[in-house]
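Right, one structure below, let's go through it.
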Amino acid sequence: MKSYEHRHDRMLVLFAVNMEENNVYHFFVPMEQIQENRAWITGDDVNHIAHVLRMKEGEKLVVSAGRGIDYYCAIQSFEPDCVWLEIEKEEPVQTELPTKLVLFQALPKGDKMEWIIQKAVELGAYEIVPVRTKRAVVKLDEKKAAKKVSRWQAIATAAAKQSGRGIIPEVHEVVDFGKALEMAAKLEKNVIPYELFEDMETTKEVMKQITGHASIGIFIGPEGGFERGEVERAMEQGIQPISLGKRILRTETAGIALLSVMMFRIEENE
């Protein structure tokens, strides 16, 4: 699989993925733009298809509406603001994990959140929830938070296209730790890596059991880690502390490491 890399400040350019085995590009469209045997693409993707990829009438591509179905299409015609497609077949998406992984990521410093979101989406995260914690250095007011979330969602969209996802994972609005716990209560299982938790046997058992859950929340702390009181609140709600080994990982590494292990275990048991 070949990906087309863009700088973060150009992530709003809609991203395609070239699946070399069948040379098919993948785009997302709203569900209302898929009807019976035809579909159409609008927005920035029109320019990308016509002038960047230089695709022609009759060439094949895939569109998805984020609902678990891939629509295999042939280009019928071009208009200045639209590409018309004929749907030739539809198939269930094969790239989504059966377990929904929700990343509750404490706000990190700088642009680290952009990298975290990109990699989390590539690894199969279903949703990403940015969380304010007591030790988080970053302080966002409502206006700045909304702007950040819009940018983060664009990055998630680009990463979903690059990695051939069947859905575009949602990046939620920034929430406080209490709200994150409320959201986690709706999931079947939640874990919180904690540097003072050294029970690797329990951790191994938790990891063995993840394939039995339909949804799992992963809580990752900021650069300074969670405060003990936050971890205790999480444990009181039934969130399981786990260990990530003998080394202390950076916030931008911890979630990605755990998602990688979970993705492997879930796909191993499919």
Side-chain angles (χ1 to χ4, degrees), residues 5-13 15 101-160 162-163 168-184 190-197 216-234 239 241-263:
E5 296 293 337
H6 290 253
R7 286 172 46 196
H8 281 166
D9 61 357
R10 298 179 62 193
M11 282 294 187
L12 288 175
V13 176
F15 221 110
L101 302 177
V102 180
L103 177 63
F104 294 91
Q105 173 66 53
L107 293 173
K109 294 185 292 186
D111 295 332
K112 293 178 182 178
M113 194 67 167
E114 297 183 2
W115 188 89
I116 291 169
I117 289 170
Q118 183 187 66
K119 302 311 173 189
V121 170
E122 291 177 12
L123 290 168
Y126 184 75
E127 296 175 6
I128 296 107
V129 183
V131 184
R132 297 185 185 92
T133 59
K134 291 183 178 179
R135 290 180 178 171
V137 175
V138 177
K139 307 296 181 185
L140 298 175
D141 59 30
E142 187 173 335
K143 185 177 180 180
K144 287 182 179 179
K147 187 176 181 180
K148 284 283 190 181
V149 171
S150 177
R151 179 174 173 79
W152 293 337
Q153 186 63 66
I155 290 169
T157 299
Q162 185 276 326
S163 56
I168 297 175
E170 179 182 0
V171 181
H172 288 260
E173 63 181 13
V174 181
V175 301
D176 61 27
F177 190 71
K179 178 63 177 179
L181 293 180
E182 291 178 15
M183 296 172 70
N190 293 278
V191 297
I192 182 167
Y194 185 43
E195 62 270 20
L196 298 182
F197 186 81
I216 301 175
I218 301 168
F219 278 77
I220 302 297
E223 282 84 355
F226 286 115
E227 282 197 349
R228 187 178 186 89
E230 290 173 324
V231 177
E232 290 174 350
R233 284 180 67 190
I239 297 176
I242 61 172
S243 172
L244 293 182
K246 297 179 180 179
R247 293 151 300 283
I248 296 177
L249 304 182
R250 295 176 183 270
T251 184
E252 67 268 30
T253 307
I256 303 309
L258 188 50
L259 280 168
S260 299
V261 174
M262 286 187 168
M263 180 191 69

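This chain uses plain numbering: 1 for the first residue, then up along the sequence.
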Q: Indicate yes or no: at least one non-hydrogen side-chain atom of V121 is less than 4.5 angstrom from one of I128.
A: yes
Q. When rounded to the nearest 0.5 angstrom, what distance separates CD in E195 from CD1 in I248?
A. 6.0 Å
Q. Rounded to the nearest 0.5 Å, how far apart are CG of N190 and CD1 of I242?
A. 11.0 Å
**Q.** By side-chain contact (heavy atoms from CB on, under 4.5 Å) - contacts of A106 (at least two apart)
**A.** T133, P222
Q.
If the condition is side-chain contact (heavy atoms from CB on, under 4.5 Å), which residues does A254 pass it with, not counting sequence neighbours?
A. I220, L244, L249
Q. Does the side chain of F219 come within less than 4.5 Å of L181's, by heavy atoms?
A. yes
Q) Once you round to the nearest 0.5 Å, how far does CE of M262 lie from CG of L103? A) 10.5 Å
Listing, residues 170-177 side-chain donor-acceptor contacts under 3.5 Å, not counting sequence neighbours, or none:
| from | atom 1 | to | atom 2 | distance (Å) |
| --- | --- | --- | --- | --- |
| H172 | NE2 | E127 | OE1 | 2.9 |
| D176 | OD1 | G178 | N | 3.3 |
| D176 | OD1 | K179 | N | 2.8 |

Q. Quick one: CD on Q105 to CD1 on I117, what's the gap to the nearest 0.5 Å?
A. 8.5 Å
**Q.** Selection residues 136-148 - residue pairs positive for salt bridge (charged side-chain N to carboxylate O under 4.0 Å, His left out), sequence neighbours left out
**A.** none
Q. At what distance, to the nearest 0.5 angstrom, does CD1 of I256 lie from OG1 of T253?
A. 8.5 Å
**Q.** Sequence-distant partners of V231, side-chain contact (heavy atoms from CB on, under 4.5 Å), two or more places apart
**A.** I192, Y194, F226, M235
Q | Shortest non-hydrogen contact from R132 toward A145 | A | NH2-CB, 4.4 Å
(Q) Once side chain to side chain donor-acceptor pair (under 3.5 Å) is applied, what residue pairs with a partner in residues 221-233 remain, sequence neighbours excluded? (A) K112-E223, R228-E232
Q.
Restricting to side-chain contact (heavy atoms from CB on, under 4.5 Å), what partner residues turn up for V137, sequence neighbours left out?
A. K109
**Q.** Any side-chain heavy-atom pair of P130 and M113 under 4.5 Å
**A.** yes
Q) If every non-hydrogen atom of G225 is compared with every non-hydrogen atom of R135, which pair is closest and at what distance? A) O-CD, 3.1 Å
Q: Determine whether L101 and L123 make a side-chain contact, defined as any pair of heavy atoms from C-beta on separated by less than 4.5 Å.
A: no
